[in-house]
Amino acid sequence: MGLGCLSKSAVAVLKTDDKLKDAKIVFVVGGPGSGKGTQCEKIVAKYGYTHLSSGDLLRAEVASGSERGKQLQAIMQKGELVPLDTVLDMIKEAMIAKADVSKGYLIDGYPREVKQGEEFEKKIGAPALLLYVDAKAETMVKRLMKRGETSGRADDNEETIKKRLDLYYKATEPVIAYYEKRGIVRKINSELPVDEVFAIVEKAIDELK
Ligand SMILES: Nc1nc2c(ncn2[C@@H]2O[C@H](COP(=O)(O)OP(=O)(O)OP(=O)(O)O)[C@@H](O)[C@H]2O)c(=O)[nH]1
Ligand SMILES: Nc1ccn([C@@H]2O[C@H](COP(=O)(O)OP(=O)(O)O)[C@@H](O)[C@H]2O)c(=O)n1
Ligand SMILES: [Mg+2]
């Protein structure tokens, strides 16, 4: 069927969705403070991927002072999860904005639960790789407390860190098992120094080409 019977805007939507369908998508999953953001920065520098941190997108909305941002802030301060549709819409919008120039997408901090992964695939596309950034709980807490000295993040405090960790083990770890069945998970030991961690990450990304 041609597209002649559709309105211009409907055609535009179809075309952007098409672009995303072929996109190289990498999910970056790991506990709070495991080092997802740190590794993503290095991937961007070497491979030119587009880095979308769902947490950063949410914090940008909070910083804008909008009504929606105020509601988000309350949820994030408690270390709870923002409603699925809100995060997914933000990610999709940001992906479409880069569709013409992006070599691939790093989706950092998403999916946080299996349902989020399923919805992402329905609305956007399937991931080619899941980087599982793994560190011990003790290490993550230590890093976040240190980061909290300068980050200004409302959730980098002892009480919220504990909740984020609990939620990670309960809701997010099952995401890894879910994608392991598809054989796309690469586990990265992020207890090592940053550059050694990146050497493992590079291998996983290079396999994609
Ligand atoms: N020693 C060591 N420190 C790291 C490593 N990766 C990250 N860090 C430190 O740990 C802290 C947290 O790293 P981030 O990259 O912000 O972690 P994240 O997983 O994005 O954390 P959230 O944004 O809370 O999800 C930072 O202050 C980093 O300097 C690593 O591989 N080795
Ligand atoms: N997909 C996401 C990502 C972040 N968030 C919220 O944003 C907060 C910060 O997310 P983040 O990815 O920057 O940090 P971590 O919780 O991984 O340390 C989370 O604790 C959640 O409240 C969410 O609800 N859903
Ligand atoms: Mg981060």
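Counting starts at 1 for both ligands and their atoms, in listed order.
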Looking at [Y] and [X], is there a salt bridge between them, counting it only when a charged N and a carboxylate O are closer than 4.0 Å?
X    : Y    : answer
K115 : E119 : yes
K92  : D85  : no
D56  : R59  : yes

For ligand 2, run through the N/O pairs with the protein that fall under 3.5 Å and put one pair on each line.
residue	atom	partner	partner atom	Å
ligand 2	1 (N)	S54	OG	3.4
ligand 2	1 (N)	G109	O	3.2
ligand 2	10 (O)	R112	NH2	3.3
ligand 2	12 (O)	R112	NH1	3.3
ligand 2	12 (O)	R112	NH2	3.2
ligand 2	13 (O)	R59	NH1	2.9
ligand 2	13 (O)	R59	NH2	2.9
ligand 2	13 (O)	R153	NH1	3.4
ligand 2	13 (O)	R153	NH2	3.3
ligand 2	14 (O)	R153	NH2	3.1
ligand 2	16 (O)	R112	NH2	2.9
ligand 2	16 (O)	R164	NE	3.3
ligand 2	17 (O)	K36	NZ	3.3
ligand 2	17 (O)	R112	NH2	3.1
ligand 2	18 (O)	R164	NE	3.4
ligand 2	18 (O)	R164	NH2	2.4
ligand 2	22 (O)	E80	O	2.4
ligand 2	24 (O)	V82	N	2.6

Ligand 1: which protein N/O atoms lie under 3.5 Å from its N/O atoms?
residue	atom	partner	partner atom	Å
ligand 1	3 (N)	R143	NE	3.4
ligand 1	15 (O)	G37	N	3.3
ligand 1	15 (O)	T38	N	2.8
ligand 1	15 (O)	T38	OG1	2.6
ligand 1	16 (O)	R147	NH1	2.7
ligand 1	17 (O)	G35	N	3.3
ligand 1	19 (O)	S34	N	3.3
ligand 1	19 (O)	G35	N	3.0
ligand 1	19 (O)	K36	N	2.9
ligand 1	19 (O)	K36	NZ	3.0
ligand 1	20 (O)	G37	N	2.9
ligand 1	21 (O)	G33	N	3.0
ligand 1	21 (O)	R147	NH1	3.3
ligand 1	23 (O)	R147	NH1	3.3
ligand 1	23 (O)	R153	NH1	2.9
ligand 1	24 (O)	G33	N	3.4
ligand 1	24 (O)	R147	NH1	3.4
ligand 1	24 (O)	R147	NH2	2.8
ligand 1	24 (O)	R164	NH2	3.1
ligand 1	25 (O)	K36	NZ	2.7
ligand 1	31 (O)	L192	O	3.2
ligand 1	32 (N)	R143	NH2	3.3
ligand 1	32 (N)	L192	O	3.2

Does atom CD (E41) have a neighbourhood of more than 12 heavy atoms from anything else shown, all under 6.0 Å? no

Give a yes or no on whether the backbone of S34 and the side-chain of S190 come within a donor-acceptor separation of less than 3.5 Å. yes

Please answer whether the main-chain N or O of D155 pairs with a side-chain N or O of R164 as donor and acceptor at a distance below 3.5 Å. yes

For K98, salt bridge (Lys or Arg N to Asp or Glu O under 4.0 Å) partners two or more places apart: none

Sequence neighbours left out, what passes salt bridge (Lys or Arg N to Asp or Glu O under 4.0 Å) with K203? Give chain and number order. none

Compare all side-chain heavy atoms of L57 with those of V87 and state whether any distance is below 4.5 angstrom. no

